[in-house]
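Order of the sequence lines sets the chain letters (A, B, ...), proteins ahead of strands, with each chain counted from 1.
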Number of protein chains: 2
Amino acid sequence: MKDLKSFTTDRPARATLRDVATLAGVSEISVSRVMRNAPNISDALRTKVMNAAGALNYTPNRLAGALKNQSSNLVAVVLPSMSNEVFLSVLDGIEAGLDEHGLNAVLGLSEYDNDREWRVVRELLSWSPMGIILTGLHHDESIAGRISQFDIPVVQIMDVEGSPIGGAVGMSHTKAAVAAADYLFGKGYRKFGYIGAWSERPERSRTRRLAFEDRLKVLGTRCVASRILEERSSALAGASATADMLAASPEVDCIFFANDDLALGGLFHAMSAGIKVPDELGIMGFNGIDIGKATPLPLSSIETPRYEMGVMAAQMLLRMQHEEPQIVELDFRIFEGGTT
Amino acid sequence: MKDLKSFTTDRPARATLRDVATLAGVSEISVSRVMRNAPNISDALRTKVMNAAGALNYTPNRLAGALKNQSSNLVAVVLPSMSNEVFLSVLDGIEAGLDEHGLNAVLGLSEYDNDREWRVVRELLSWSPMGIILTGLHHDESIAGRISQFDIPVVQIMDVEGSPIGGAVGMSHTKAAVAAADYLFGKGYRKFGYIGAWSERPERSRTRRLAFEDRLKVLGTRCVASRILEERSSALAGASATADMLAASPEVDCIFFANDDLALGGLFHAMSAGIKVPDELGIMGFNGIDIGKATPLPLSSIETPRYEMGVMAAQMLLRMQHEEPQIVELDFRIFEGGTT
DNA sequence: CATTTTATTGTTAACGTTGTCAATCGGCAT
DNA sequence: ATGCCGATTGACAACGTTAACAATAAAATG
């Protein structure tokens, strides 16, 4: 009986520079240069090498290249979670931005856990990425120190209120909350409710709530009811929290939700319960997701530049190789739907 | 004036095995062994090394390790796009599955383009990943050849109908379409419409449509109207396509949508237009996304195991290091909402 | 006590690539 | 003819790690 080895040996093994060089009858370094489009290569050499590389199906070994170079084209991307459409768009943008420059994302999820984030960062750094993108501005002290050893650009996304380690691309959640309060107040609502989820992870939602409450005080009114769910955001959760809140505090005339999923739930509940939106109840979301624009009553919300944030984060990473870190504050926009 | 170098030199450079070894007064290989938890290490040695590593903030260089080992703990993940909630869940599952085993995902997006997929695969392979996850079963011939040189496990996700390169974790889109047809026929609908988007990317949606149409014929009826939009799926697109279809073919009594985004749009249109769902019009989606469960009339749909698919793909990758590739067909489930 | 195991640590040589420095070859001005 | 220049190619030594083997000391065996 043939041993296992013999099954595998007939598969052509991965070719190396040496193999290509031998076949082409040139030196390894010449192959390397051709592969990297180095200057001063004769057409004759280039052709020989390209043919040989093609024949052998040569795939460069980036591990070796990056090791020698002390730098890779990998970018570490640390997001809290993938169970949130927000980070989908952000990651989409990041990928788009990175791809333009031939960079690859290595993904790590912190799951909103500091210890885990620390481990993930450590893990990703071990690949000598050329840069790292973190979510939010609040990170374990030691993370900054660890990264600083690598002398690579750091870009933090989502938030700009605080002191970033390096560059930052985000928006002001305080301003957004103030704008929401002003807008809703201007629409005549006075008895506000607030509904959040998952114990206010990420922290940014807490920032928004506090700023919203503060602003209401300035305007001479306040949140008369507030629910922070323990479960994750979902339309179902938003619907039941809304029902709950209206039962307990019937005087509430407008609810500001931590995100559009919850808000859509609120809207759907109102539709089912025959509550007149926006007259009896105003509904305001946050993020401005697509589906909110298609409901019979389009969901009023705050449109956040998530995709753009990702793209710009990637671009800033590139720029920071030469330039100083910047803080870029992107604009949000109030989307006036039919629910307010 | 100080030159630039002097600004950077005061930052402690990244420590290597050698630095740790010197500080601890042991050999490099001993440090390596401690870091990898190799057997037969004395407590004395381990302590010395750990202290030195801690003092220097040592981060192992995986590039070097992987180069020497001829294998990394990276997994190449190639998805068509991130602008689709479906792949969000899948990626979430993949990350969860990989993380269990200390593996890292390197992400590549094909954007439904064969050339681009080829480039992405090539790119990712250059990192010597320990495995690769591809989306769908239809790939450029040369991709399989290229991967085979690496002797690494390949798992293809989403689909099981066809011949995978290696293992596969997916579902039968044909069976799903047949089940949908049978279910809707059983509910009494007879004049069917179908609405898809983005010129039927991914191909799987085309498979479903064809199987749906075939099944309707078997049942003695047929699709009386069909719209394949060129734009991407969105609730707005679904709404306008629905309006359009009903205007042109008022006899349609049930629409099967390529996905839930489109279907929700259809539902919202019906609500706005005062069309009685499910009596005058049945609406059936595909995927079973969360938000469809929270609408006043929950959206009937086919629940697909997206997250689970990701987790299982990751696990299968691990298993395939020792075992033969398998094809795992996961079950879908018809979710009977209020729209049919 | 000589001899064999066993446990622990060290030495050496790669892994595949690329930066640095040399070498070669015409051409061209002196 | 001589010497110099630019263009092109090559030799060699790293990058930081680890497998394989060697060496040493301690323990167990007869």
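Ionic pairing of R116(A) and D99(B) is present here: one or more N-O contacts between side-chain nitrogen and carboxylate oxygen are shorter than 4.0 angstrom.
Summarising the geometry, the separation between CH2 on W127(B) and P on dT17(C) is reported as 12 Å, rounded to the nearest angstrom. Going from atom CZ of R18(A) over to atom P of dA14(C) covers 11 Å, rounded to whole Å. Between the P atom of dT8(D) and the CG atom of D43(A) lies a distance of 9 Å, rounded to the nearest Å. Distance N37(A) CG to dT18(C) C1': 15 Å, rounded to the nearest Å. In this structure, I29(B) atom CD1 and dT17(D) atom P are separated by 11 Å, rounded to whole Å. Whole-Å rounding puts the N40(B) CG to dA20(D) P distance at 16 Å. Atom CE of M35(B) is separated from atom C1' of dT18(D) by 14 Å (rounded to the nearest Å). Nucleotide dA19(D) holds its P atom 12 Å from the CG atom of L17(B), rounded to whole Å.
Among the protein residues, N61(A) comes within range of the sugar-phosphate backbone only, with heavy atoms under 4.0 Å from sugar or phosphate atoms but none that close to a base. Among the atoms of the strands shown, none is found under 4.0 Å from any heavy atom of L63(B).
Proximity note for V26(B) (side chain, C-beta onward) versus dA19(D), dG10(C), dT18(C): the nearest is dG10(C). Between dT9(D), dT9(C), dT11(C), one nucleotide has an atom nearer to the side chain of L45(A) than all others, and that is dT9(D).
No donor-acceptor distance shorter than 3.5 angstrom exists from the side chain of R122(B) to the backbone of W118(B), with no hydrogens or angles considered. A donor-acceptor contact shorter than 3.5 Å links the side chain of T22(A) to the backbone of R18(A).
No side-chain donor from either of S81(A) and R201(A) sits under 3.5 Å from a side-chain acceptor of the other.
Note on Y58(B): a side-chain N or O is less than 4.0 Å away from OP1 or OP2 of dT17(D). For dG19(C), the OP1/OP2 oxygens have a side-chain nitrogen or oxygen of N69(A) closer than 4.0 Å. One finds no side-chain N or O of S42(A) lying less than 4.0 angstrom from the OP1 or OP2 phosphate oxygen of dT8(D). Between Q70(A) and dG16(D), a side-chain N or O to OP1/OP2 separation shorter than 4.0 Å is present. For dA19(D), the OP1/OP2 oxygens have a side-chain nitrogen or oxygen of R36(B) closer than 4.0 Å. The side chain of S32(A) contributes no N or O atom lying less than 4.0 Å from OP1 or OP2 of dT17(C).
Distance CE/M130(B) to CG/N73(B): 8.5 Å, rounded to 0.5 Å. Atom-to-atom distance recorded for M35(A):CE and N37(A):CG is 9.0 Å, nearest 0.5 angstrom.
Residue K68(A) places a side-chain atom within donor-acceptor reach of the base of dT18(C), judged by atom type and a 3.5 Å distance cut-off alone. Side-chain N/O atoms of R33(A) and base N/O atoms of dG19(C) include no donor-acceptor pair closer than 3.5 Å.
The residue among G25(B) and L67(B) whose nearest nucleotide of DNA chain C is located toward the 5' end is G25(B). Comparing S30(A) and E28(B), the nucleotide of DNA chain D nearest to each residue sits closer to the 5' end for S30(A).
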